[in-house]
Participant: 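Questions regarding the structure given below will be posed in turn.
In what follows, residues are counted from 1 in the order of the sequence shown. Whatever order the structure lists ligands and atoms in, that order sets their numbers, starting from 1.
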Amino acid sequence: MKVVEEEQLITVMDGPWSTTDLIREIVESGTQEDPFYVMDLGEVVARYHRWKELMPRVEPFYAVKCNDDKLLVSTLAALGTGFDCASKAEIELVTSIGVAPDRIIFANPAKMASHIRFASAVGVDVMTFDSETELMKIKQYMPHAQLVIRIRCDAASAQCPLGIKFGCDPVTEAPRLLKLAAVFGLDVIGVSFHVGSGASETDVYARAIALSRALFLVGHNVGHKAMRILDIGGGFPGGTHTSIQEVSAVINSALEEHFPDRSVRVIAEPGRYFAAAAYTLAAMVHAKREVTSKECADETHTMYFINDGVYGSFNCVLYDHQHVVAEPLNDNGSVPAPCSVWGPTCDGLDCVLPATRLPSLAIGDWLIFRDMGAYTLPVASPFNGFPVPTVRPVVDARLACILKELRPLSASQFAAGRVVESPALGTSRPASRAASPCRAVFVECALK
Ligand SMILES: Cc1ncc(COP(=O)(O)O)c(C=O)c1O
């Protein structure tokens, strides 16, 4: 992971504005040649608000692995989320900004001994396990840990299935592990699962919650008298045009059926839900090549080379099975034609879009890619000397005035307000969009 250490100044936008207009303004300055992201803090706040509205009982613990951009993590900390950390470095990042250790779950069922010792030293007590050897390790290095058993319950399909690697079988393995933990004198306080990242089935949460309920009873019967945490993992959609409405209805009703007792604390570990839509990538065409089809000499195809590729942000195409969509920043009116989009490195594998259609692009034209905040930046490398894109954070002025008061954010991170005069900007954001729900969210945050 790459923790961005330098201070990221947040541009405050006063007046109607849009991400697309801001990107246009940046590239029209003429000095921008490298790819960059615009990160909208308002999107993160809006998503937090939506989550609380739809699943008031479920506390989000943001999965840091999804995008460890310090500003994103700080914004979520300011809103009051907890954090799912998978390693010592992730715990260090989250605690370094002042998050209390009881707002962290060490949710990696296969931890290194030194990472367990570190968690113990800084007071991160809650951690997951799914095997006998992990129990033995925890008994040796942190016998006072508060354990959460991770069970397997897979969605019928998911962008990135996880059950193949983590989660014990809830019927054949979990009861024995719960008993073993009791024999070891370890304290199991809950059950967790992850249905798969980018899950396309919602009913799986109901199945997993029912299985968890059964294991709460088993746990209680074998001596874990304080079973009190249900962790429903991640898997929630994050794209601009997705919604958690349907999945939240399934979860709320399963919780009502199986965990009506409010003394059970319900947490989740959303990653892409918070990260994806807040980040829009801009990349420039720096080379192109016309090729003719082998089969038909009349058919031409344009290969566009852009300054970010699968070794950078578009690693998500390989590792996260992401389908990315390229949009020309400016509409030049030409008819979309067959083309492919390639990254800047010398590797033939570095292909962003093998077959798509785009209007004719010239060298120096820019493409934008929306919903690029999940599983992109933390994995990107500067292979071949091509830099990982920088992030330009931005926020609406009405939100900025509230956010800058919330620790760990501070007024010094916000650049002096930019007044956007022109109401003629085509895709500008409606004036009410960011501000209206925020007061309620922030009042709630202030109470935490
Ligand atoms: C343990 C754990 N929790 C949470 C997440 C985040 O999942 P998502 O981005 O699907 O919400 C992951 C992703 O791999 C994970 O492994």
Participant: Would Lys111 and Phe106 count as a cation-pi pair here, with the cationic atom under 6.0 angstrom from the ring centre and within 45° of the axis?
Facilitator: yes
Participant: Below 4.0 angstrom from a heavy atom of Pro270, which ligand 1 atoms are there? Numbered from 1 as shown, please.
Facilitator: 11 (O)
Participant: Please work out, at 4.0 Å between heavy atoms, whether the side chain, the backbone, both, or neither of Arg150 comes within that distance of ligand 1.
Facilitator: side chain
Participant: May I ask you to identify the nearest protein heavy atom to atom 11 (O) of ligand 1, giving residue, atom name and distance to one decimal place in Å?
Facilitator: Gly271 N, 2.8 Å
Participant: Counting heavy atoms only, name the option from Lys165, Glu269, Lys65 that's nearest to atom 15 (C) of ligand 1.
Facilitator: Lys65
Participant: What I want to find out is whether Asp154 reaches Arg152 closely enough, with some N-O distance under 4.0 Å, to be called a salt bridge.
Facilitator: yes
Participant: Find all atoms of ligand 1 within a distance of less than 4.0 Å from any non-hydrogen atom belonging to Ala107, and give their numbers and elements.
Facilitator: 1 (C)
Participant: State whether Phe61 and Arg103 meet the cation-pi test: NZ (Lys) or CZ (Arg) under 6.0 Å from the six-membered ring centroid, and within 45° of the perpendicular axis.
Facilitator: no
Participant: For ligand 1, which atoms, with element, lie under 4.0 Å from some heavy atom of Ala63?
Facilitator: 4 (C), 5 (C), 6 (C)
Participant: Taking atom types as modelled and ignoring hydrogens, do the side chains of Ser263 and Arg228 form a donor-acceptor contact shorter than 3.5 angstrom?
Facilitator: no
Participant: At a 4.0 Å cut-off, with the gap strictly under it, does some heavy atom of Gly235 reach an atom of ligand 1?
Facilitator: yes
Participant: If the plane angle is over 60° it's perpendicular, under 30° parallel, otherwise tilted; pick one for Phe236 and Tyr205.
Facilitator: parallel
Participant: Is it the side chain, the backbone, both or neither of Asp84 that has a heavy atom closer than 4.0 Å to ligand 1?
Facilitator: side chain
Participant: Will you find, in the side chains of Asp347 and Tyr311, an N or O donor that is under 3.5 Å from an N or O acceptor?
Facilitator: yes
Participant: Just need the protein heavy atom nearest to atom 13 (C) of ligand 1, so name the residue and atom and give the distance.
Facilitator: Tyr375 OH, 3.3 Å
Participant: Assess whether a salt bridge exists between Arg150 and Glu134, defined as any Lys/Arg side-chain N lying under 4.0 Å from an Asp/Glu carboxylate O.
Facilitator: no
Participant: Is Arg47 positioned over the aromatic face of Tyr273, cation under 6.0 angstrom from the ring centre and no more than 45 degrees off axis?
Facilitator: yes
Participant: So, Phe314 versus Phe369, ring centres under 6.0 angstrom or not?
Facilitator: yes
Participant: Measure Phe166 to ligand 1 on non-hydrogen atoms and call it side chain, backbone, both or neither using the 4.0 Å cut-off.
Facilitator: neither
Participant: Looking only at distances, please establish whether an N/O atom of ligand 1 is found under 3.5 Å from an N/O atom of Leu162.
Facilitator: no
Participant: Heavy-atom distances under 4.0 Å decide this one: backbone, side chain, both or neither, for His194 against ligand 1?
Facilitator: side chain
Participant: Starting from atom 10 (O) of ligand 1, which protein heavy atom do you reach first, and at what distance in Å?
Facilitator: Ser197 OG, 2.6 Å
